[in-house]
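Values below: all heavy atoms of this structure, side chains included; hydrogens, waters and symmetry mates excluded.
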Amino acid sequence: MELEAKSIILDAEAYYDLLHNARRWVSVKEMLPCRDGKVLAYYHFRSSEMCFIGVLDYYTYDEHPHFQHEGTGLVVTHWMMLPDPPKGEDEE
C-alpha cells in the first residue's frame, strides 16, 4: 500500500512538471496544484458573472488546501503554471 501511495505521488509530480512545461489551463476539477506557490488563475466572484485572470497563491500544505482569497467568495475555475522569470542580461 505504501509503495502504491509513493507511485501516485510521483505520478502527480511528474504530471505537475509536465503542466509546467505545457503552459495550459487546467480545470480545478481535473487537478489542483501539488505545491505551494503562485499560479495564474482564471476566476470569478460568487456575486458576479465577470471573470478575471490574475496571479494567486495556492496553499497546498494548509489543513484545507486553497487558493488565496477563496474564503471571500472568489471561485477559481482554472489555473496555469507561471513561466520561469526572465534571465538577467548577463545570464543569457
Side-chain angles (χ1 to χ4, degrees):
M1 182 81 136
E2 185 177 325
L3 182 59
E4 183 178 315
K6 285 181 182 178
S7 175
I8 290 170
I9 290 170
L10 291 175
D11 288 345
E13 290 194 2
Y15 187 60
Y16 193 80
D17 290 337
L18 179 68
L19 291 175
H20 180 75
N21 295 327
R23 307 274 190 267
R24 71 172 185 88
W25 287 108
V26 180
S27 169
V28 297
K29 293 176 182 177
E30 178 185 342
M31 181 180 187
L32 292 169
C34 62
R35 300 179 189 148
D36 277 359
K38 296 186 182 310
V39 296
L40 192 60
Y42 185 78
Y43 61 93
H44 64 90
F45 291 90
R46 286 190 187 101
S47 59
S48 172
E49 291 186 23
M50 290 180 56
C51 293
F52 304 91
I53 294 175
V55 176
L56 297 176
D57 285 308
Y58 187 76
Y59 304 100
T60 306
Y61 299 108
D62 281 6
E63 183 178 343
H64 301 285
H66 65 282
F67 290 96
Q68 175 184 6
H69 305 305
E70 275 190 310
T72 65
L74 180 140
V75 178
V76 175
T77 62
H78 293 78
W79 62 277
M80 181 187 302
M81 296 295 300
L82 290 173
D84 294 329
K87 296 180 179 184
E89 292 178 16
D90 56 343
E91 296 178 44
E92 292 184 37

Using atom types as modelled and distance alone, determine if a side-chain donor or acceptor of T72 lies under 3.5 Å from a backbone N or O of H69. yes
Between F67 and V39, does the side-chain contact (heavy atoms from CB on, under 4.5 Å) criterion hold? Intermediate values first, please. CA-CA 9 Å; F67 290 96; V39 296; 3.8 Å; yes
Sub-4.5 Å side-chain heavy-atom contact between W79 and M81: yes
When rounded to the nearest 0.5 angstrom, what distance separates CD in E30 from CH2 in W25? 13.5 Å
More than 12 non-hydrogen atoms from neighbouring residues, nucleotides or ligands closer than 6.0 Å to OH on Y42, yes or no? no
Using 0.5 Å steps for rounding, measure from the CD atom of Q68 to the OH atom of Y58. 13.0 Å
What pair of heavy atoms forms the shortest contact from E63 to P65, and how long is it? O-CD, 3.7 Å
How far apart are the closest heavy atoms of R46 and E70, and which atoms are they? NH1-O, 4.4 Å
same_hphob_cluster(L56, Y59) at 4.5 Å side-chain heavy-atom cutoff: no
When clusters are formed by joining ILVMFWY residues with side-chain heavy atoms under 4.5 Å apart, either directly or through shared neighbours, do L32 and L74 land in the same one? yes
Applying a strict under-4.5 Å side-chain criterion to I, L, V, M, F, W and Y, I'd like to know whether V75 and M50 cluster together. no
Nearest-0.5 Å distance, OG1 of residue T60 to CG of residue D36: 4.5 Å
Please report the shortest heavy-atom distance between H78 and V28, naming the atom on each side. N-CG1, 4.2 Å
